Amino acid sequence: MAKMNFGGVEENVVTREEYPLAKALETLKDETIAIIGYGVQGPGQSLNLRDNGFNVIVGQRKGSKSWDKAVADGWVEGETLFEIEEAAQKATIIEYLLSDAGQISVWPQIKKYLTPGKALYFSHGFGITYKERTGIVPPADVDVILVAPKGSGTSLRRMFLQGRGLNSSYAIFQDATGKAWDRVIALGIGVGSGYLFETTFKREVYSDLTGERGTLMGAIQGIFAAQYEVLRKNGHTPSEAFNETVEELSQSLMPLIAENGMDWMYANCSTTAQRGALDWWKKFRDATMPVFEDLYSEVACGNEAQRSIDTNSQPDYRQKLEEELKEMRETEMWQAGAVVRKLRPENN
């Protein structure tokens, strides 16, 4: 484990050079890893582990769409694909990758298979951090660990297939065996992490919930919508408004930021763009700071967690979710976006 300096602050980081795949395979050579759930993170993590040579099986409800997807991905019923309880029984490491609401519902089935010496693995700190609300309290004689890729399971898999890695955080909530650190790092390398940085279950979920509601999803959609609407109200066409709001950012500027940072992106734009961005960014920061402070407070006090639990556990949740997504999808901005994407050269 190396100490890395991030803007003057030292953090614990583990790289693939320091903990190579061969070492990870040796660490987990006698372990059976069960992926419970085949939704957002399950496919990417399980397929990367399988391709890297680990002993991995999948646990999913038979007859579900996710079961069918697992079969399509090459998991074989009775060999590497099982019902949830059977997979949990066979495993020495249980990767608990159901949705937060799903984890609450299935927990009684999983808990009885958490025999001494096993490891319970999460990719989100929600269930443990809010255990008073979720009821997820692991027994004291198992390791409780976390690897949280900083992106979707789809991105994790795509980057793996490209020979790249998606950065992940890691945490240890409970080290019952004395092997928790090696287990969590080996799993982090196995699922395809670029590098691993240390966190806690609480810090992971607080930052994750804030990020999802903030710049990663909620805030970015809100900013897109506001700018698009202002441009349209002032006579700009849908194509022009979408290209100036979303397409240029996602296709041109974000890759530059990813390559060398925001200042480098600024330096590679026109002097007019630089001047305007430098003049306006602090106004946007000051305008949104109260919203982010309110958001973090709601996360820290548990209100956001409870809202997720209450909403996502409703029987008509998926129907209502699809209605909300449909409303967004059918806005003029994203309808224009669908046309713009079709016109990209790679699609013609």
Side-chain angles (χ1 to χ4, degrees), residues 40 150-155 158 207-299 303-304 307-308 311-312 316-348:
V40 177
K150 296 299 102 182
S152 70
T154 300
S155 298
R158 286 178 179 173
S207 62
D208 194 65
L209 293 182
T210 300
E212 290 166 350
R213 286 147 181 78
T215 60
L216 301 179
M217 294 174 69
I220 198 72
Q221 165 63 13
I223 292 171
F224 282 167
Q227 179 170 304
Y228 182 90
E229 288 174 22
V230 168
L231 289 172
R232 290 287 289 125
K233 286 175 183 176
N234 283 277
H236 299 271
T237 66
S239 177
E240 185 172 53
F242 185 85
N243 273 280
E244 203 62 46
T245 299
V246 179
E247 191 75 353
E248 185 174 350
L249 174 67
S250 62
Q251 298 300 299
S252 174
L253 301 185
M254 289 305 292
L256 297 182
I257 297 170
E259 192 173 339
N260 277 309
M262 184 69 79
D263 62 316
W264 192 80
M265 184 271 279
Y266 276 27
N268 283 272
C269 292
S270 72
T271 54
T272 301
Q274 291 172 19
R275 183 68 270 144
L278 289 168
D279 287 344
W280 278 86
W281 80 263
K282 290 180 182 178
K283 293 183 180 181
F284 281 103
R285 178 199 62 191
D286 295 345
T288 58
M289 185 72 77
V291 180
F292 279 99
E293 289 175 341
D294 183 36
L295 167 57
Y296 193 86
S297 176
E298 288 293 288
V299 169
N303 285 349
E304 279 299 304
R307 175 171 167 75
S308 293
T311 303
N312 298 353
D316 61 348
Y317 164 68
R318 292 197 176 277
Q319 177 187 339
K320 289 182 176 178
L321 172 65
E322 179 51 36
E323 289 172 0
E324 291 183 90
L325 293 176
K326 182 174 181 288
E327 180 184 359
M328 183 187 298
R329 183 167 59 247
E330 292 182 352
T331 60
E332 184 190 89
M333 179 173 71
W334 290 113
Q335 290 295 301
V339 177
V340 170
R341 288 193 294 275
K342 289 178 183 177
L343 292 172
R344 290 176 187 165
E346 65 268 24
N347 294 327
N348 291 295

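One-based numbering along the sequence shown. Keep in mind that what you see is a predicted model, and the values were worked out from it rather than measured.
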Taking everything shown except R275 itself, do over 12 heavy atoms lie less than 6.0 Å from its CZ?
yes
Tell me if a side-chain donor or acceptor on T237 pairs with a main-chain N or O of E240 at a distance below 3.5 Å.
yes
Below 4.5 Å, heavy atoms only, C-beta onward: do M289 and R285 meet side chain to side chain?
yes
Do any N or O atoms from the side chain of R232 and from the backbone of H236 form a donor-acceptor pair under 3.5 angstrom?
yes
Kindly check if the number of other-residue, nucleotide or ligand heavy atoms within 6.0 Å of CZ (R344) is above 12?
yes
Heavy-atom closest contact (L216 atom, E212 atom, distance)
CD1-N, 4.1 Å
Going through the distances and angles, do K342 and N347 end up as a side chain to side chain contact (heavy atoms under 4.5 Å, CB included)?
CA-CA 6 Å; K342 289 178 183 177; N347 294 327; 5.5 Å; no
Taking all heavy atoms of T210 and all of L295, pick out the closest pair and write down the distance.
O-CD2, 3.5 Å
Counting C-beta onward and ignoring hydrogens, is there a side-chain heavy-atom pair between L249 and F224 closer than 4.5 Å?
yes
Just wondering, do M333 and Q227 contact through their side chains at under 4.5 Å, heavy atoms?
no
Going through the distances and angles, do V246 and Y228 end up as a side chain to side chain contact (heavy atoms under 4.5 Å, CB included)?
CA-CA 9 Å; V246 179; Y228 182 90; over 6 Å; no
If you compare all heavy atoms of F242 against all heavy atoms of V340, which two are closest, and at what distance to 0.1 Å?
CD2-CG2, 3.8 Å
Are there more than 12 heavy atoms of other residues, nucleotides or ligands under 6.0 Å from atom CZ of R329?
yes
What are the two closest heavy atoms between L256 and M265, and how far apart are they?
CB-CG, 3.8 Å
If you compare all heavy atoms of C269 against all heavy atoms of A273, which two are closest, and at what distance to 0.1 Å?
CB-CB, 4.1 Å
Heavy atoms only: give me the nearest W334-M328 pair and the separation to one decimal.
CD1-O, 3.6 Å
For a 4.5 angstrom cut-off between non-hydrogen side-chain atoms, does E322 reach Q319?
no
A quick test of your reading: do over 12 heavy atoms of other residues, nucleotides or ligands sit less than 6.0 Å from CD of E259?
yes
Counting N and O atoms only, with roles assigned by atom type, does the side chain of E298 sit under 3.5 Å from a partner on the main chain of N303, one being a donor and the other an acceptor?
no
